[in-house]
2 protein chains.
Amino acid sequence: MYLMAEPAAQAVALAESLKSLGLTKYEALVYIALLQASEATATEIHELSGVPRASVYPVLERLSQKQLVSVSNTSPRRFNPERPDDAIESLLRSVEHDAARAKKNLNRIYSQSARRERGDQELIWSIHGGDHIRLRLLEMLQAADESVRIIFYWDHLKGELVERLLSLKKEVKIEIITDGWSGPVPGQVKVLVKAPPMEIQKEPVTNWQAGCVFIVDKKKAMVVMGSKDEGFTALYSESMGFVRFFTMYWNFFLNWGQ
Amino acid sequence: MYLMAEPAAQAVALAESLKSLGLTKYEALVYIALLQASEATATEIHELSGVPRASVYPVLERLSQKQLVSVSNTSPRRFNPERPDDAIESLLRSVEHDAARAKKNLNRIYSQSARRERGDQELIWSIHGGDHIRLRLLEMLQAADESVRIIFYWDHLKGELVERLLSLKKEVKIEIITDGWSGPVPGQVKVLVKAPPMEIQKEPVTNWQAGCVFIVDKKKAMVVMGSKDEGFTALYSESMGFVRFFTMYWNFFLNWGQ
DNA sequence: CACTTGTTGTTATTATGATAACAACATTTA
DNA sequence: TAAATGTTGTTATCATAATAACAACAAGTG
């Protein structure tokens, strides 16, 4: 059985996730130690947590303010932790409160700002991170008016994507090139199943996860690529050249192997 | 009309609430500036936010990682903010994720710990903060087995308290001394309406808000006092002497003015 | 007294904020 | 075209404040 010297190994990891709830390292370590002991004196907490004895007192004072511990009136004082569920809940609520306030104020600023047209013509935007990409992508598709063309090799997003496509107006023509399709094909959708071309399969990148092209109304395009190592990156643009390039790419795919 | 020099006054306040979502002051200021401009270059952001130009780049890099901005591939680069709703949501989710993880681990520790009986006999515990007190109080009442005696002068908690009392087992005898009661009195509850005694009314403390005594099963007692200035403090104990003292107090109240 | 507790003040250490210097490039001007 | 000027993006360096760690001491306890 392991018995760590000062701050137990797992405690340090745990302390990390408590930091984002607004606790300092010491506050976290002390609270953890107190949970293990369930009622202890300052010295016991010091020994259990590895936090210097002198620091334990102000830390416990702060924790008491944050309503994570109660204090006995004895001498020496003894400390008692709030139950984890209630403690976390209480911390989280205070963050959520700040979040709500921030959201309100940010939205006020956002709505006042003279917003240029998203995309601003000739620019090409880089977007990092799966969630970020997901949001922008669904947002773009939502705005589709006439046509959507998709080259889709990205299992992860499939469900959500299909759902979004089905919610579009009936006039929108949807053409999809992908590697597999399960379930019925809705009326306005044309699906073409194709294995990805050799060039992609042979790619030296091992953890290839996604390679997608989305062209909306022949005016906006978003391309997504991603690997396990480097995460996901997307490019978005309304530039003529960009859209034209990927329309060509789409046509190339369409005819490839026929 | 005010027009601040560098970082607008409101922006600084806003930045504060963004900090608890894990952003630094600069990250907050840059994001705010970017929302105002809705697409800008590094220099524009620097001018608008008051953040040193050299610092703007690493900050934008971090914001990009956190999925709060996208970056154009032009030269000079242009930056675009994620919409506030989505941005906050994304930050909050990551905090909630950490919170869930922490909760799980803390609960594991908590359940493993050799928990002494809460209260540990002779100790008297101080509890700070309204919420903290509320939790412990309701928890204590919930555990009532035979009897509950209450002296209650605290409007704020009335609703929640009554609800909790009604959910107790029918065998539990409930006696309440308070300054007013509206609505029907349930069967097992005995209510005695009394104005608070002069000693309390005359108290030099101006913002008196609460003065309560709760005695459960003649074995545990919790007393609450609170003023607008100093906040709420409670004492809890299972000590014989403590319980006996407040039982006497309760009897004194019961007979007072009769 | 020997020991522990609670308190204070001082000193590292780190994270963050701020400034300066620079190379690369684009733009202007003679 | 060549030189001067300005901008961008990058890097290195410094300053400041928050946090952590330590040392010293008075008060309390057995």
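Keep in mind that this is a model prediction, so the values were computed, not measured. Below, read A as the first sequence line, B as the second, and so on, with proteins coming before strands; counting in each chain starts at 1. The basis for the numbers below is simple: all heavy atoms, side chains too, and nothing from hydrogens, waters or symmetry mates.
A/A28 meets the side chain to side chain contact (heavy atoms under 4.5 Å, CB included) test with A/A15, A/L18; sequence neighbours excluded. Partners of A/E96 according to the salt bridge (charged side-chain N to carboxylate O under 4.0 Å, His left out) rule, which considers only residues two or more places apart in sequence or in another chain, do not exist here. Partners of A/K220 by side chain to side chain contact (heavy atoms under 4.5 Å, CB included), not counting sequence neighbours, listed by chain and number: A/M140, A/A143, A/Y236, A/E238. Annotation: side chain to side chain donor-acceptor pair (under 3.5 Å) contacts of B/T74 (sequence neighbours excluded): B/S72. Under the rule for a salt bridge (charged side-chain N to carboxylate O under 4.0 Å, His left out), the partners of A/K66 that lie at least two apart in sequence or sit in another chain are A/E27. Residues that satisfy the salt bridge (charged side-chain N to carboxylate O under 4.0 Å, His left out) test with B/D217, not counting sequence neighbours, are absent from this structure. Residues satisfying the salt bridge (charged side-chain N to carboxylate O under 4.0 Å, His left out) criterion with B/K104, sequence neighbours excluded, are absent altogether. A search for side chain to side chain contact (heavy atoms under 4.5 Å, CB included) contacts involving B/F245 returns nothing, not counting sequence neighbours. A search for side chain to side chain donor-acceptor pair (under 3.5 Å) contacts involving A/D131 returns nothing, not counting sequence neighbours.
Each of B/A54 and B/T43 lies near DNA chain D, and the nucleotide nearest B/T43 is the one positioned closer to the 5' end.
Residue-level contact check: B/R77 touches the backbone only, with heavy atoms under 4.0 Å from sugar-phosphate atoms and none from bases.
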Which protein N or O atoms sit under 3.5 Å from an N or O of nucleotides 14-20 of chain D?
unit_1: D/dA20; atom_1: OP1; unit_2: A/K25; atom_2: N; d: 3.0
unit_1: D/dA20; atom_1: OP1; unit_2: A/Y26; atom_2: N; d: 3.4
unit_1: D/dA20; atom_1: OP2; unit_2: A/T24; atom_2: OG1; d: 3.4
unit_1: D/dA20; atom_1: O3'; unit_2: A/Y26; atom_2: OH; d: 3.2

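Rounded to an integer number of Å, the gap from A/Y57 OH to D/dG28 C1' is 12 Å.
DNA chain D lies under 4.0 Å from no heavy atom of any residue of residues 63-71 of chain B.
Looking at B/S70 and B/N80, their side chains never bring a donor and an acceptor atom within 3.5 Å of each other.
Taking every nucleotide of DNA chain C with any atom under 4.0 Å from a non-hydrogen atom of chain A, the first and last of them, 5' to 3', are C/dT5 to C/dT8.
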